[in-house]
Amino acid sequence: MISKIIAEDKIQQVKKLIDRHDKIVIVTHTSPDGDAIGSSLGLFHFLDEIDKQVSLIVPNEFPDFLRWMKGANDVVVYDKYTEFAQQLIDEAEVIFCLDFNGRKRISTMEASIVNAKAKKVMVDHHPYPEDFCDVTISYPQVSSTGELIFRLICRLGQFESINLASAEALYTAMMTDTGAFTYNSDNPEIYTIISELMKLGVKKDTIYQHVYHNYSADRMKLMGFSLSEKLKIYPELHTAIISLSKEELAKYNAKRGDTEGFVNIPFSISGIKCSVFFREDEDKIKISFRSKGNLAVNRISTDYFGGGGHTNAAGGEFFGTMDEAIALFEKVMPHYLAL
Ligand code: 5GP
Ligand code: MN
């Protein structure tokens, strides 16, 4: 038995919405990651199994290493098929907002979702959820939104309707948001859930290979370059940073998702408590923060880099040059280390 984390009144509210309505849309955050796509497809296949008319809409494209998932080709990309996506949103009776806690996280879809007439349900694990949904299921202590979706479906009494496609997607969500169960994954119940998913037919070793053994040689070379030429260590701050310019990314033919995971590599170095990855995008510097223990990188991100996230994993952005972004980080970091 797994414990009842989600409050009973929330379960009842979701149950009512699902029982009474047919047209359901699922949305998740911009630059969707494994948990965003995995939790969304997990819910998608479940709702499809119980004969709901369900669509999954994402603001922009997701990385190739998630393409193998069943249903990935049915995902509607809002920025590409705006009119069709808008029609689905207009007709929806219920909208599930998965793996994000604030309206800014869906960028171009923000107004469309906030103004939609549908009842909205947030299922998420980021702290400080904004109040824009009718039902807010937010539990930051949970490993991933995928885990929350599993818990939600079970509490609806519908475990039997988790088909293999749903189980695979939920497993992928949990695996990717915990670095293949190497952080944020000390709750023993995670492994009870994995066991249940495996009994449904999930082949976890195969999924690991689909996700982590699916990159290009260029990506590996970019990683090598990043570590040998671009890694900077601040021993007194127990911090490491890596930065990559547009030109450097282009030189290695970097594709969407290619720098995923780079931020975690410096933790292999003894004594590193904080790792930051700076990537130059078209019009801004995108920043990923990771930390160990009590060092709250989401505070650095919120205070200075217009972002947010979890205590140990956050993201943000900076409008200016790479040097300015790094200089700002160097200036403010000592304060957060001392907290
Ligand atoms: P990543 O570094 O993998 O892109 O993101 C790490 C965490 O920070 C994720 O939980 C993600 O949701 C959050 N995050 C990433 N970028 C942003 C951002 O621009 N704004 C906010 N609020 N959160 C972000
Ligand atoms: Mn997540």
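Just so you know, ligand 1 is whichever comes first in the structure, and atom 1 is the first atom listed for that ligand.
Counted within 6.0 Å of OH on Y212, heavy atoms from surrounding residues, nucleotides or ligands total more than 12; the atom is thus considered enclosed. Residue K10 qualifies as enclosed at atom NZ: its count of foreign heavy atoms under 6.0 Å is above 12.
In this structure, the ring of F329 has its center no less than 6.0 angstrom from the ring center of F318. Side-chain rings of Y171 and F181 approach one another, their centers coming within less than 6.0 Å.
Nearest protein heavy-atom contact of atom 7 (C) of ligand 1 is A313 O, 3.5 Å. Residue, atom and distance of the protein heavy atom nearest to atom 11 (C) of ligand 1 are R105 NH2, 3.5 Å. Among all protein heavy atoms, the one lying closest to atom 20 (N) of ligand 1 is G307 CA, 3.5 Å. Closest to atom 2 (O) of ligand 1, if we only count protein heavy atoms, is S288 OG, 2.6 Å. Of all protein heavy atoms, the one closest to atom 19 (O) of ligand 1 is K286 NZ, 3.2 Å.
Among R290, H310, H29, the residue whose heavy atom lies closest to atom 3 (O) of ligand 1 is R290. Of the candidates G309, A314, G316, it is A314 that places a heavy atom closest to atom 5 (O) of ligand 1. Checking A36, G306, G315 against atom 15 (C) of ligand 1, the nearest heavy atom belongs to G315.
With hydrogens and angles disregarded, no donor-acceptor distance shorter than 3.5 Å links the side chain of R219 to the backbone of K255.
Residue contacts to the Mn ion (ligand 2): H125 brings an N, O or S atom closer than 2.8 Å. Residue contacts to the Mn ion (ligand 2): D99 brings an N, O or S atom closer than 2.8 Å.
Side chains of D281 and E317 form no contact here, defined as non-hydrogen atoms less than 4.5 Å apart. Two residues are said to be in side-chain contact when any heavy atoms from C-beta on lie closer than 4.5 Å; E91 and Q53 fail this criterion.
Relative ring orientation between H310 and H125 is described as tilted, the plane-to-plane angle lying within the 30° to 60° band.
Residue-level check: among N/O/S atoms of D177, OD2 sits closest to the Mn ion (ligand 2). Nearest N/O/S atom of D35 relative to the Mn ion (ligand 2): this is OD2.
Residue contacts with ligand 1, taken as heavy atom pairs separated by less than 4.0 Å, do not involve E260 at all. The side chain of H126, and not its backbone, has at least one atom closer than 4.0 Å to an atom of ligand 1 (non-hydrogen atoms only; side chain from C-beta on).
Counting only N and O atoms by type, the side chains of S107 and T30 include a donor and acceptor under 3.5 Å apart. Of the N and O atoms on the side chains of T28 and D99, not one donor lies less than 3.5 Å from an acceptor on the other residue.
Considering backbone and side-chain atoms together, G308 places an N or O closer than 3.5 Å to an N or O of ligand 1.
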